[in-house]
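Below, read A as the first sequence line, B as the second, and so on, with proteins coming before strands; counting in each chain starts at 1. From a predicted model like this one, the values you see are computed outputs, not experimental measurements.
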Amino acid sequence: MKDGVERGELEAPVFGLGPDGVRELLEHFPDPTLIVDARGIIVFASLQVERVLGYPPDELRGQRVDRLMPGRFRSAHERHVQGFFAAPVTRPMGPELDLRALTRDGREIPVEISLSGVGSGDSRLVVAILRDVSSQRRAWAEVVSLNRELFTKTAELETVVGDLRVFAQTASHDLQAPLRQISQFLTLLRRRCGDSLSPDGLTYVDCAVQSARHLSELVAKILEYSRIGASERDFAPAALEHVLARVLAVLRAQLEEVSAVVTHDPLPIVRADAAQVEQLLLNLIGNAIRFRGKEALRIHVSAHLESGRWTVSVRDNGVGVEPAHHARIFEMFHRVGTDDARPGSGVGLAICKRVIERHQGRIWVLSEPGLGSTFVFTLPVVNEAIENVSSERDVAAAG
Amino acid sequence: MLRILHIDDDPNDLQLFEEAVRECRLPVDRRTAMDGREGLEHLRSFLQPGSNWRPDLIVCDLHMPRMDGLAFLQALKDDAATRHIPVIMLTSSQRPHDIADAYDRQVCAFVSKPIDFSLLCDLVKRTFEFWGGAAELPRREAS
């Protein structure tokens, strides 16, 4: 080893210091320092040895160095000393070992020891620099324990999330059937027994049917929400223009009914789960229809590249959202106002948020009451390397 | 007359289907079973020599105790004596996985149970018109 001290002598003067100066220099090393001869006898112990191990320096001089280690290490140490003198290179001692030093009052403390050989023949010496690593070991043990705890908690959390998803799916699925049947039997009641019901009775039946339908839609939405998994398996290049076209086809009747005009800029190909992005746009444009203003509804979809992701905006000229609701509208079951003329489950935007989060993106709204809303979300690019280069080029060109 | 074997563990759904057939005044002759295993047992007895009733069409639920719709479908398609019978899966599931599994086992159509009674009537009517009218079915004479 090149940096090993294969030969060397403790000679004065060093840096212009006499023997006393060298001793003083060693005394003031910040870590406890021992010098041991070829027989394993301590010839020097610095003042710091007393601070860490409790021995006054004079007490150790002439003692065997192995008295500073717990009994179980002593026999092995003898061999290691011979081994070290055979190849006296500067190195940490037993870096893989959990080394312990014995204090004067019999405590064991964890230490790291650096060894260096000086001199030759019978006058060879070993310089051992100790470092008390109790606090590091404690910190490390704490990190290990916290890590283990974190691991356990994460596993527990994953189980709970999985259980909850299964619960939501099962519950919503099992709720669906009786709800559907309530609504259908009520319809049958009206059709077959309508004659024997008073006008009030018929109204009650209609209200019950409507409530059952509403609940059924809500349950369907919860089911939809719980189905948005976290796997990236279905991520693939998806042309946003095609996705939008499918959404517009699904909503065509509703859009025509309110004479809505939907326009869009050229839209990119994104790396996404196309079915989920379709669901997202369906919810956003469905909301734009529900929350349209007095003017004819106009919706515009655009996209631009920003910080290596596509930022997509869906702008409408609808009633807008109070700033106080901007964050909360994405929460599950949050509904703006209690206006029953605008039916909704309060799950649609929660689904949008979940879809976008699954794509490691963000969704937010820019809106003022009466001034329309712009829902903005980010989606991954198809090829990060290529898109980032073109993004930088765009910025450069713009600058 | 369209002969339907209807398999569903939910008696309400069996009854609602019956009500829709009645509502539409369709010439449907319907037998029922409460799960896949009972469905197979009925089928075996229907296929015995001397039996004068064989289904033209099977309408089957997906989630059922003892034997679910997919296992029933598999058993039906594995048996040379029954694999020709068209099966419509009528279920409340809309899980893509269930849909794919059913078509993998050669279901003729995977249909969600409608929410409204009028939609159920439409479905029953269209099913009758297609399978009892437009579609040519094998072994019609074997009754």
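For A:R252, the CZ atom sits in a loose shell: 12 or fewer heavy atoms of surrounding residues, nucleotides or ligands are nearer than 6.0 Å. Within a 6.0 Å radius of CD in A:Q210, no more than 12 heavy atoms belonging to other residues, nucleotides or ligands are found. More than 12 heavy-atom neighbours from other residues, nucleotides or ligands sit within 6.0 angstrom of CD on B:Q48. Remark: A:Y204 OH is loosely packed, at most 12 non-hydrogen atoms of other residues, nucleotides or ligands lying under 6.0 Å away. Annotation: B:K77, atom NZ; neighbour count of heavy atoms from other residues, nucleotides and ligands within 6.0 Å is above 12.
Contact check for B:D10 versus A:Q181: side-chain heavy atoms found under the 4.5 Å cut-off.
Looking at B:Q15, the atoms closer than 4.5 Å to chain A (heavy atoms on both sides) all sit in the side chain, from C-beta outward.
Pairing each heavy atom of A:S216 with each of B:I115, the nearest pair is OG-CD1, 3.7 Å. Considering every non-hydrogen atom in both B:L120 and A:Q184, the closest pair reads CD2-OE1, 3.7 Å.
With respect to A:R180 and B:D116, no salt bridge is recorded, no charged nitrogen being found less than 4.0 Å from a carboxylate O.
Below 4.5 Å, heavy atoms of chain B meet heavy atoms from A:T187, A:L188, A:R191, A:R192, all part of residues 186-202 of chain A.
Contacts with chain A were tallied for B:E23, B:R95, B:Q94, B:H63; B:E23 has the most, counting heavy-atom pairs under 4.5 Å.
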